[in-house]
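In what follows, every heavy atom counts, from backbone to side chain, and hydrogens, waters and symmetry copies are set aside.
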Amino acid sequence: MCCTECEKSKHRSEEEKKYLKVRLKTIEGQIRGISKMVEEDKYCNDILTQLLAVNKSIKSLSSDILKSHLSSCVVDDIKADKLEVIDEFMELIERIN
C-alpha cells in the first residue's frame, strides 16, 4: 500500500544538489576505475586500496547527508511536534552502526 502522504521528501537547494552530485560522480568514477583495474588484472593490494578509498568517500558523504538530515528534517519535524521522527532517527543510527 502506498500513499502520497507517507512518502517524505526533502527540498535541497541547487547548491546542495550540485555538491551531492559532484560527490556521487566522484564515487562513480572511483568505482569505474576499480572495475577497470579488475579487468586489467591489477594487483589485489592496489584494488583493495582503491576500495578503501571508495568506502571512505561513501562514509564521508553519508556523514554529510546525516548532518544535513539532523539539522533540517529532524529539527523541523520536532518543531512541528512530529516526535515520531526521533524513533525514526534512532532506527537510522542503529542501521548505520
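With salt bridges taken as basic N to acidic carboxylate O contacts below 4.0 Å, one links E28 and R32. Ion pairing between D64 and R23 holds under the 4.0 Å rule for side-chain N and carboxylate O. Checked for salt-bridge contact, E14 and K17 meet the test: a charged N lies under 4.0 Å from a carboxylate O. In summary, K8 and E88 engage in a salt bridge, as defined by a charged side-chain N under 4.0 Å from a carboxylate O.
Crowding of E15 atom CD: a count of heavy atoms from other residues, nucleotides or ligands under 6.0 Å not exceeding 12. The number of heavy-atom neighbours closer than 6.0 Å to CD of E40, taken from other residues, nucleotides and ligands shown, is above 12.
To the nearest 0.5 Å, the span separating CD1 on I93 from CD on E91 amounts to 11.5 Å. With rounding to the nearest 0.5 angstrom, the CD1 atom of I31 is 15.5 Å from the NZ atom of K36. Note that CD1 of I34 is 10.0 Å distant from OG1 of T49, once rounded to the nearest 0.5 Å. For the atom pair CD1 (I58) and NZ (K56), the distance works out to 13.5 Å, reported to the nearest 0.5 Å. Distance check: N55 CG to L48 CG gives 11.5 Å after rounding to the nearest 0.5 Å. If you take CZ on F89 and CG on D77, they are separated by 12.0 Å, rounding to the nearest 0.5 Å.
Under the 4.5 Å side-chain criterion, counting only non-hydrogen atoms from C-beta, L70 is not in contact with V75. Contact annotation: the side chain of Q30 never approaches that of L51 to less than 4.5 Å [non-hydrogen atoms, C-beta and beyond]. Looking at K10 and E16, their side chains come closer than 4.5 Å, going by heavy atoms from C-beta outward. Contact of the L61 side chain with the L20 side chain is registered, since non-hydrogen atoms from C-beta on lie closer than 4.5 Å.
Looking only at distances, a side-chain donor or acceptor of S57 sits under 3.5 Å from a matching main-chain atom of A53. One N or O on the side chain of S71 and one on the backbone of K67 form a donor-acceptor pair closer than 3.5 Å. Distance alone, capped at 3.5 Å, is enough to place a donor-acceptor pair between the S72 side chain and the S68 backbone.
Taking each heavy atom of M37 and I47 in turn, the nearest pair found is CE-N, 3.7 Å.
Using a 4.5 Å cut-off between side-chain heavy atoms of Ile, Leu, Val, Met, Phe, Trp and Tyr, with links allowed through other members, L66 and L24 fall into different hydrophobic clusters. L83 and L92 fall within a single hydrophobic cluster, where Ile, Leu, Val, Met, Phe, Trp and Tyr side chains are chained together by heavy-atom contacts under 4.5 Å. Under the 4.5 Å side-chain contact rule for hydrophobic residues, I96 and I27 do not share a cluster.
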